[in-house]
Student: 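Questions regarding the structure given below will be posed in turn.
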2 protein chains.
Amino acid sequence: MSTRTDAPTRREQILKEAARLFAERGFHGVGVDEIGAAVGISGPGLYRHFAGKDAMLAELLVGISERLLSGGRLRAEESPADPEALLASLIDSHIDFALDDRPLITLHDRELDRLRESDRKQVRRLQRHYVELWVTAVRALHPRVPESEARAAVHAVFGLLNSTPRLADRDDGPAARTATESLLRRLAHGAFAALSPPSEDGV
Amino acid sequence: MSTRTDAPTRREQILKEAARLFAERGFHGVGVDEIGAAVGISGPGLYRHFAGKDAMLAELLVGISERLLSGGRLRAEESPADPEALLASLIDSHIDFALDDRPLITLHDRELDRLRESDRKQVRRLQRHYVELWVTAVRALHPRVPESEARAAVHAVFGLLNSTPRLADRDDGPAARTATESLLRRLAHGAFAALSPPSEDGV
DNA sequence: CAAGCCTGTTAGCGGTCGTTAACCTGAGAG
DNA sequence: CTCTCAGGTTAACGACCGCTAACAGGCTTG
């Protein structure tokens, strides 16, 4: 398994450009001709690779949801008994996704309702499992916090981490990326820390 | 000036329903016939009240942006010399808007690009001033934090606070609302608190 | 009571969009 | 050398959408 030095498939090109365009102008705001033009072919040519426009969106959303979940599960296995390290690891993993696949993170919580019923159900199932992973981690660290509140906090922190697309459209090099990572990490930890009131004495 | 017990104008009905539909299915995903049907008239009837679909979106986005900014300015005047109280006040004000006008908060950062150039510029100007209000408040409280970082943190906290639409679609009564307010307030304060490292000694 | 505006209706136009049909071409396989 | 087929092309169809035109009913007003 090399680190993908080979050229991307046509399918992959299409998915990447479609993600970018959908994120920029919304699913209904992008025509198939535009997507085709973005990869150098004409609109109907896309139908050699996808069943339709809906299928592209479905593959994008299912894909990002699966990758988020499996990334989260990996982290959960790595930190089996250390709640603090687990939550930190989940946060880092999510930040990586948010910074690597900005358009997908945008689509992920914006165009879900444009999916066919079955695809939407699948994406929602994956999302729910991912959230449960986080809720479990948060409650392990903050046992007195009720589940509904933990879940709301997790969604809110997702909102915080997913604000990335609105920052730094241009690539300012790896330094800026590291700085953004560090900032988001601190903000997320700070938010979660506010869940339990600070204890005056030790644990 | 009473507290509006009178019936809403037709224009206001239309704006409210349009906001809901735009937030649910996206600007391009809603037809004028649907908006009309939502207020009991047929599609073209809307043109007695608005110049077009674009004009409805423009009025919605300019409106929420203006209200956010003027709300923020009001708070800034109330807490002229107390940075901590000012930031707390800005947070409370924003939470109120987010909980009162959930669809508008959604549209506000999602459908901006569907506006005509001039409207978009106006909304962006209002948004920029609003962000500046927050950045100033944050930097008064955390003087060592560089401006770019403060600005990124403000955007991230907006993402946190604006996650509200994804929670609690149904009205669970005023108790749930108070709980959500309190949670968001704590999370936002916790996030900002993480900007400056906690000082071991006093100030 | 008549005039006129306000607010609604229905019919329809022009344009766009997703998709299909029909055709073409170049690279491998036998 | 020919057959096949993956991966393109253009033309066109049907549906839909935003918007305008033309018309109508009901208040308000002089």
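Every heavy atom of this structure was used, including side-chain atoms; hydrogens, water molecules and symmetry mates were not. Since this is a predicted model, take the numbers as computed values, not measurements. In what follows, chains are A, B, ... by sequence order, proteins preceding strands, each numbered from 1.
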Student: So does A:Ile35 get a backbone contact from the side chain of A:Glu17, meaning a donor-acceptor N/O pair under 3.5 Å?
Tutor: no

Student: Tell me if a side-chain donor or acceptor on B:Ser182 pairs with a main-chain N or O of B:Thr178 at a distance below 3.5 Å.
Tutor: no

Student: Mind running side-chain contact (heavy atoms from CB on, under 4.5 Å) on A:Arg11 and A:Glu59 for me, showing each step along the way?
Tutor: CA-CA 11 Å; A:Arg11 269 184 70 93; A:Glu59 189 156 327; 2.5 Å; yes

Student: Evaluate the side-chain proximity of A:Val123 to A:Glu66: yes if any heavy-atom separation is below 4.5 Å, no if none is.
Tutor: no

Student: Which pair of heavy atoms, one from B:Tyr47 and one from B:Lys53, lies closest together, and at what distance?
Tutor: OH-N, 4.4 Å

Student: Using a heavy-atom cut-off of 4.0 Å across all strands, would you classify B:Val30 as base, sugar-phosphate, or nothing?
Tutor: sugar-phosphate

Student: Could you report the tightest heavy-atom contact between A:Gly43 and A:Asp33, atom names first, then the distance?
Tutor: CA-OD1, 3.4 Å

Student: Does A:Arg110 use its side chain to pair, donor to acceptor, with the backbone of A:Ala23 at less than 3.5 Å?
Tutor: no

Student: Between residues 44-56 of chain B and DNA chain D, which residues have a heavy-atom gap below 4.0 Å?
Tutor: B:Pro44, B:Tyr47, B:Arg48, B:Gly52, B:Lys53

Student: For residues B:Ser163 and A:His155, is any side-chain donor paired with an opposing acceptor at under 3.5 Å?
Tutor: no

Student: Step by step, work out the salt bridge (charged side-chain N to carboxylate O under 4.0 Å, His left out) result for A:Asp54 and A:Arg116.
Tutor: CA-CA 8 Å; A:Asp54 303 357; A:Arg116 283 176 30 240; over 6 Å; no

Student: Going 5' to 3' on DNA chain C, which nucleotide is the first and which the last to come under 4.0 Å of a heavy atom in chain B?
Tutor: C:dT7 to C:dA11

Student: Can you find a pair of side-chain heavy atoms, one from A:Arg73 and one from A:His129, that are under 4.5 Å apart?
Tutor: yes

Student: Would you sketch DNA chain D in dot-bracket for me? Only Watson-Crick or G-U wobble pairs with both distances under 3.5 Å count, crossing pairs as [ ], other-strand pairs as |, the rest as dots.
Tutor: ||||||||||||||||||||||||||||||

Student: Show every ring pair (Phe, Tyr, Trp, His ring centres under 6.0 Å) that has at least one partner inside residues 89-119 of chain A, sequence neighbours left out.
Tutor: A:His94-A:Tyr130, A:His94-A:Trp134, A:His94-A:Phe158

Student: If you look only at distance, which donor and acceptor atoms sit under 3.5 Å apart when one is on a side chain in residues 74-82 of chain A and the other is two or more places apart or in another chain?
Tutor:
residue: A:Arg75; atom: NH1; partner: A:Ser89; partner atom: OG; Å: 3.1
residue: A:Asp82; atom: OD1; partner: A:Glu84; partner atom: N; Å: 3.2
residue: A:Asp82; atom: OD1; partner: A:Ala85; partner atom: N; Å: 3.2

Student: Below 4.0 Å from chain A heavy atoms, what is the first contacting nucleotide of DNA chain D and what is the last?
Tutor: D:dG7 to D:dA11

